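Data block below; observations after.
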Amino acid sequence: MTEKTIPLLPCRTELIQSVVDFYTALGFETTQLQKSPYAYAVVERGAVELQLYGMKDYDPGTSHSTCYILTEDVDGLHAAFRSGLKGAYGRIPTRGLPRIGPLKDMSYGVRQFLATDPTGNTIRVGQVISGGGEEEPATAPKETFARALHMADLFADSKQDYPGAAKIIDRVLKLEDEQPTPVQRVRLLVLRGDIAQRLGDEEGARGWLEEAAAVQLSAEERETAHDALARLSDLRG
């Protein structure tokens with residue numbers, strides 16, 4: 001007998017159509033949709049099935065609902081999702097609701113991105129890379145700036161604690177006895193600018209992102225920092 005897990009995700013009742021439209025943009029097919037006597041929908045994309053149920057007083061702004069999708073082609077799905085969202089919304093939404101986040105190689109061995117629907121559900125899409133498999137290892141990286149990136153990513157994406165993530169980055173960027181590599185500096189500054197935008201600090205975000213864009217990188221370093229530079233382009237665009 002084959003078992004299957006199907007995530008059930010809440011959404012604000014009157015937003016169920018916009019949520020279904022979001023998943024349609026990501027390439028999901030709507031296999032069930034009802035708005036009375038209660039809101040309920042089922043969307044499917046290949047082997048992935050999500051079920052959505054309406055809640056009258058559900059607050060998208062405080063949602064922590066999530067599920068994880070493992071894939072063997074995270075880059076391809078990220079590109080497909082971005083393309084679909086641009087077609088549906090006329091732009092690629094990178095903040096607010098809905099939004100799609102950047103691709104990142106996480107320190108726990110997973111390459112992933114996050115997509116959040118109009119009612120606050122976050123879909124994590126990841127691919128295990130060499131040596132990976134656990135979302136949070138027993139120990140974080142020991143090197144100062146690698147550890148800061150690791151912890152700030154967890155605070156921002158896993159915990160949605162944006163002020164906490166900002167404090168981590170601000171602290172290490174003020175260190176005088178240690179300095180990050182150029183690639184680490186770009187990654188820290190881009191993440192800091194991203195966090196500032198999420199917190200509504202547009203002026204601060206511009207400053208962080210301009211500083212990131214001014215970091216001099218060699219051709220090899222630009223390749224290593226490819227994901228961060230792509231996110232920088234999105235945030236500045």
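Just so it is clear, the structure is predicted and the values come from calculations on it, not from any experiment.
- The backbone N or O of Leu15 sits less than 3.5 Å from a side-chain atom of Ser18, completing a donor-acceptor pair.
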With side chain to side chain contact (heavy atoms under 4.5 Å, CB included) as the test, would you mind laying out the steps for His78 and Val125 before giving the verdict?
-> CA-CA 8 Å; His78 189 249; Val125 183; over 6 Å; no

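- Looking only at side-chain heavy atoms (C-beta outward), Leu52 and Tyr23 come within less than 4.5 Å of each other.
- Closest heavy-atom contact between Gly76 and Asp73: N-OD1, 3.0 Å.
- Looking at Tyr58 and Ser65, their side chains do bring a donor and an acceptor atom within 3.5 Å of each other.
- The shortest side-chain heavy-atom distance between Gln32 and Gln34 falls under the 4.5 Å cut-off.
- Ion pairing between a basic and an acidic side chain is recognised when a charged N comes within 4.0 Å of a carboxylate O; Lys4 and Glu49 show such pairing.
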Hey, mind stepping through Met106 and Gln112 against side chain to side chain contact (heavy atoms under 4.5 Å, CB included) and telling me if it holds?
-> CA-CA 7 Å; Met106 309 304 291; Gln112 71 175 23; 3.8 Å; yes

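- Residues Leu85 and Val43 share a hydrophobic cluster, clusters being chains of Ile/Leu/Val/Met/Phe/Trp/Tyr side chains in contact below 4.5 Å.
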Determine, step by step, whether Phe28 and Phe22 satisfy the ring-ring contact (aromatic ring centres under 6.0 Å, His included) criterion, reporting the C-alpha distance in whole Å, the side-chain angles of both residues, the deciding distance to 0.1 Å, and the verdict.
-> CA-CA 9 Å; Phe28 284 77; Phe22 172 83; 8.8 Å; no

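- Side-chain contact between Leu189 and Val215: present, with at least one pair of heavy atoms (C-beta onward) separated by less than 4.5 Å.
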Side chain to side chain donor-acceptor pair (under 3.5 Å) between Asp201 and Gln197, intermediate numbers included = CA-CA 5 Å; Asp201 179 10; Gln197 280 198 0; over 6 Å; no

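- Although no hydrogens or angles enter the test, the distance criterion places no donor-acceptor pair under 3.5 Å between the side chain of Glu211 and the main chain of Trp208.
- Residue Leu232 is grouped with residue Phe145 when hydrophobic side chains (ILVMFWY) are merged at heavy-atom distances under 4.5 angstrom, including chains of intermediate members.
- Annotation: side chain of Gln160 is in contact with side chain of Tyr162 (closest heavy-atom distance under 4.5 Å).
- Between Gly120 and Ser63, the closest heavy-atom pair is O-OG, 3.1 Å.
- The CD1 atom of Ile100 sits 5.0 Å away from the CZ atom of Phe113 when rounded to the nearest 0.5 Å.
- For the atom pair Arg236 CZ and Arg231 CZ, the distance stands at 14.5 Å (nearest 0.5 Å).
- Taking all atoms of both residues into account, the shortest heavy-atom contact from Ala148 to Ile168 is O-CG2, 3.6 Å.
- Annotation: side chain of Phe155 is not in contact with side chain of Pro163 (no heavy-atom distance under 4.5 Å).
- Taking each heavy atom of Pro118 and Pro60 in turn, the nearest pair found is O-CB, 3.9 Å.
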Could you go through the side chain to side chain contact (heavy atoms under 4.5 Å, CB included) check for Leu97 and Arg99 one step at a time?
-> CA-CA 5 Å; Leu97 295 175; Arg99 65 178 179 271; 3.5 Å; yes

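- A salt bridge links Asp194 and Arg198; the closest N-O separation between the charged side-chain nitrogens and carboxylate oxygens is under 4.0 Å.
- With rounding to the nearest 0.5 Å, the separation of CZ in Arg187 from CD1 in Ile169 is 13.0 Å.
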Given Thr71 and Gln127, is the side chain to side chain donor-acceptor pair (under 3.5 Å) satisfied, shown in steps?
-> CA-CA 5 Å; Thr71 178; Gln127 180 175 357; 5.9 Å; no

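- Counting only heavy atoms from C-beta outward, the side chains of Val110 and Tyr68 approach each other to under 4.5 Å.
- With respect to Leu50, the side-chain contact (heavy atoms from CB on, under 4.5 Å) criterion is satisfied by exactly one of Val19, Ile123, Asp117: Ile123.
- In this structure, the side chain of Thr119 does not engage the main chain of Cys11 through any donor-acceptor pair within 3.5 Å.
- Note that OG of Ser233 is 9.0 Å distant from CG of Leu235, once rounded to the nearest 0.5 Å.
- Annotation for Tyr38: atom OH does not count as buried by contact number, only 12 or fewer foreign heavy atoms lying within 6.0 Å.
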Go through the steps to decide whether Tyr40 and Gln51 satisfy the test side chain to side chain donor-acceptor pair (under 3.5 Å), and finish with yes or no.
-> CA-CA 7 Å; Tyr40 200 86; Gln51 298 190 12; 2.2 Å; yes

Decide yes or no on side chain to side chain contact (heavy atoms under 4.5 Å, CB included) for Leu229 and Leu217, but give the supporting numbers first.
-> CA-CA 11 Å; Leu229 294 175; Leu217 299 173; 4.2 Å; yes

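- Note on Arg12 versus Glu14: salt bridge recorded, some NZ/NE/NH1/NH2 to OD/OE distance being below 4.0 Å.
- Under the 4.5 Å side-chain criterion, counting only non-hydrogen atoms from C-beta, Glu29 is in contact with Thr31.
- In this structure, Thr24 contributes its side chain and Val20 its backbone to a donor-acceptor pair below 3.5 Å.
- Under the 4.0 Å criterion applied to side-chain N and carboxylate O atoms, Arg111 and Asp227 are assigned as salt-bridge partners.
- From Leu149, atom CG reaches atom CD of Gln184 across 6.5 Å, with rounding to the nearest 0.5 Å.
- Hydrophobic clustering places Leu175 together with Leu173 (ILVMFWY residues linked when any side-chain heavy atoms are closer than 4.5 Å, directly or through intermediates).
- When all heavy atoms are compared, the tightest approach of Thr13 to Gly54 is OG1-C, 3.6 Å.
- Minimum interatomic distance between Gly27 and Arg45 (heavy atoms only, all atoms of both residues): O-CG, 3.5 Å.
- Residues Asp21 and Gln17 have side chains in contact (heavy-atom distance under 4.5 Å, counting atoms from C-beta outward).
- Atom CG of Leu77 and atom CG of Leu26 lie 9.5 Å apart (nearest 0.5 Å).
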Derivation and outcome, salt bridge (Lys or Arg N to Asp or Glu O under 4.0 Å), residues Arg82 and Asp234 = CA-CA 11 Å; Arg82 283 169 58 92; Asp234 278 349; 2.6 Å; yes

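- Residues Leu188 and Leu154 are members of separate hydrophobic clusters, defined by side-chain heavy-atom contacts under 4.5 angstrom among Ile, Leu, Val, Met, Phe, Trp and Tyr.
- More than 12 non-hydrogen atoms from other residues, nucleotides or ligands lie less than 6.0 angstrom from CD of Glu178.
- Ionic pairing of Lys104 and Asp157 is present here: one or more N-O contacts between side-chain nitrogen and carboxylate oxygen are shorter than 4.0 angstrom.
- Leu209 and Leu199 fall within the same hydrophobic cluster, defined by Ile, Leu, Val, Met, Phe, Trp and Tyr side-chain heavy atoms under 4.5 Å apart, directly or through other members.
- Around the CD atom of Glu202, the shell of radius 6.0 Å holds more than 12 heavy atoms that belong to other residues, nucleotides or ligands.
- Of the candidates Thr66, Thr122, Asn121, Thr122 is the only one forming a side chain to side chain donor-acceptor pair (under 3.5 Å) with Thr116.
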